[in-house]
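Note on naming: letters A, B, ... go to the chains in the order of the sequence lines (proteins, then strands), and numbering restarts at 1 for each one. When reading the values below, keep in mind they use all heavy atoms of this one structure, side chains included, and skip hydrogens, waters and symmetry mates. The model shown is predicted, which means the values in this text are computed figures rather than measured ones.
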Amino acid sequence: MKWELVPGGDLALDLTLQSGQAFHWEKTPQGYWVGLIGEIPVRAREDGGRLFVNPGAEKIAAHYFALDHPLEEIYAAFPNDSQSRQALHACRGLRILRQPLWECLATFITSSMKQVAHIRAMSLALRAKFGTPVQGYPQPHVLARSDELSLRACGLGYRAKHLLAVARGVEEGCFDLEGWRTLNTADLRCALVGLPGVGVKVANCVLLFAYERLDAVPIDVWIGRVLLRMRGGRRGTASQLARYAHRRLGPYAGYVQQYLFHVARVSPKIAT
DNA sequence: CGCCAGGGTCTCG
DNA sequence: CGAGACCATGGC
């Protein structure tokens, strides 16, 4: 099997693909990952922090895995508390992906009140039922011509209505996901929150994982617990927690959040 | 069986 | 504005 080295280093591929950003990658018994970047089939493996992919996929992989993110600068901006430092130590090389807009938005619309394994199951079911021959994430126009019952058959439950409505809005041109790239983060968040089934949390996931807004902080139940501990047990409203996270976690708050999230989720019992 | 999950929306005070 | 009910599904 042929492999090409992708220039750039310091990538922890397992952590990156297991940290609840993208849900369709699969690790083979041979130890490499297979998946799709958009519609392009890609296999990838990591050795000593360096990324190797199938010939021809170097460019798209470098972009998707964000090998250009300045990790040392990001780490220098990490907050200096024990939780953040421990998370950094445990997750060094974990990168925030640059995902295609639609599939990121769609998968996180289906994510509400679901565990990571369930989100993966729904994503795979949608790809199998509606996807292209290579089972890329079904495009908006495909879902737009479907119906709520067919989406529910993929395990979406009440989320089916939201996904269908957003797919139809994108297809009709009401929701210009690509055009919204030029908006500043606050305006972009407002635009996303205007979509059915998209609240602040899902909007921040899409801001962070697809729109390259590395200061966006999705606050789910796990990060909520982390912030609760950071605040010494003091609770707060959603907007209070958001302000606190932004101030406390710094200019790359989204990166810090992802490291904290992964550590909390993988080893929930370890209290620091 | 009860509890929980990378929540959003609507209603009521 | 803030709290609570409700929404489906699957794993444990």
Side-chain angles (χ1 to χ4, degrees), chain A residues 15-25 83 87 91 94-97 99 103-126 128-129 137 147-167 169 175 189-211 213-229 234-246 249 253-269:
Chain A
L15 287 173
T16 299
L17 291 179
Q18 289 171 333
S19 64
Q21 303 183 58
F23 303 89
H24 62 288
W25 291 84
Q83 279 190 89
C91 301
L94 194 170
R95 287 176 182 267
I96 300 292
L97 297 171
Q99 298 188 51
E103 77 177 56
C104 182
L105 172 63
T107 53
F108 278 98
I109 284 174
T110 68
S111 76
S112 82
M113 290 303 292
K114 278 288 187 183
Q115 295 181 349
V116 169
H118 301 156
I119 303 169
R120 171 181 171 83
M122 289 183 289
S123 173
L124 296 182
L126 286 168
K129 183 164 184 170
Y137 199 91
D147 59 275
E148 187 179 331
L149 227 58
S150 303
L151 298 187
R152 281 178 180 260
C154 296
L156 295 192
Y158 60 85
R159 305 156 192 83
K161 186 180 302 180
H162 296 149
L163 181 59
L164 187 60
V166 175
F175 308 144
R189 185 180 290 110
C190 283
L192 290 168
V193 166
L195 306 181
V198 179
V200 175
K201 190 272 173 183
V202 169
N204 280 321
C205 284
V206 181
L207 285 169
L208 180 60
F209 301 139
Y211 281 102
R213 311 303 164 100
L214 300 184
D215 58 334
V217 180
I219 299 179
D220 72 326
V221 295
W222 294 102
I223 291 300
R225 287 181 199 129
V226 171
L227 293 177
L228 182 64
R229 194 155 61 210
R234 190 167 53 91
R235 301 192 172 275
T237 66
S239 67
Q240 285 175 324
L241 290 181
R243 280 196 302 275
Y244 176 85
H246 203 264
L249 303 185
Y255 252 94
V256 182
Q257 169 277 149
Q258 193 64 14
Y259 283 42
L260 291 167
F261 170 80
H262 190 254
V263 168
R265 202 174 69 82
V266 171
S267 53
K269 291 176 185 172

I'd like to know if the side chain of [X] reaches the main chain of [Y], judged simply by a donor and an acceptor atom lying under 3.5 Å from each other, with no hydrogens or angles considered.
X	Y	answer
A/Tyr211	A/Val206	no
A/Arg229	A/Val226	no
A/Tyr259	A/Leu94	yes
A/Arg189	A/Asn204	no

Figure out the [atom1]/[atom2] separation between [X] and [N], and round it to whole Å.
X	N	atom1	atom2	result
A/His118	C/dG11	NE2	P	5 Å
A/Leu195	B/dG7	CG	P	18 Å
A/Arg235	C/dG2	CZ	P	16 Å
A/Tyr158	C/dG10	OH	P	13 Å
A/Glu148	C/dC7	CD	P	14 Å
A/Ile119	B/dG6	CD1	C1'	6 Å
A/His162	C/dC6	NE2	P	17 Å
A/Lys114	C/dC12	NZ	C1'	14 Å

For a quick check of understanding: with a heavy-atom distance under 4.0 Å over all strands, which category does [X] fall into, base, sugar-phosphate or nothing?
X	result
A/Gln258	base
A/Thr107	nothing
A/Ile109	nothing
A/Gly20	base
A/Gln240	nothing
A/Ile219	nothing

Are A/Trp222 and the base of B/dG6 stacked, counting only ring centres nearer than 5.5 Å and planes tilted under 30°?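 No, aromatic ring not over the base.
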
Centre-to-centre under 6.0 Å for A/Tyr137 and A/Phe23, is that the case here?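 Ring centres of A/Phe23 and A/Tyr137 not closer than 6.0 Å.
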
Name the residue closer to the 5' end of DNA chain C, choosing between A/Leu156 and A/Thr237 according to the nucleotide with the nearest heavy atom.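 Between the two, 5'-proximity favours A/Thr237.
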
Would you say a side-chain N or O of A/Arg159 is under 4.0 Å from OP1 or OP2 of B/dG7?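 For B/dG7, OP1/OP2 do not have a side-chain N/O of A/Arg159 under 4.0 Å.
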
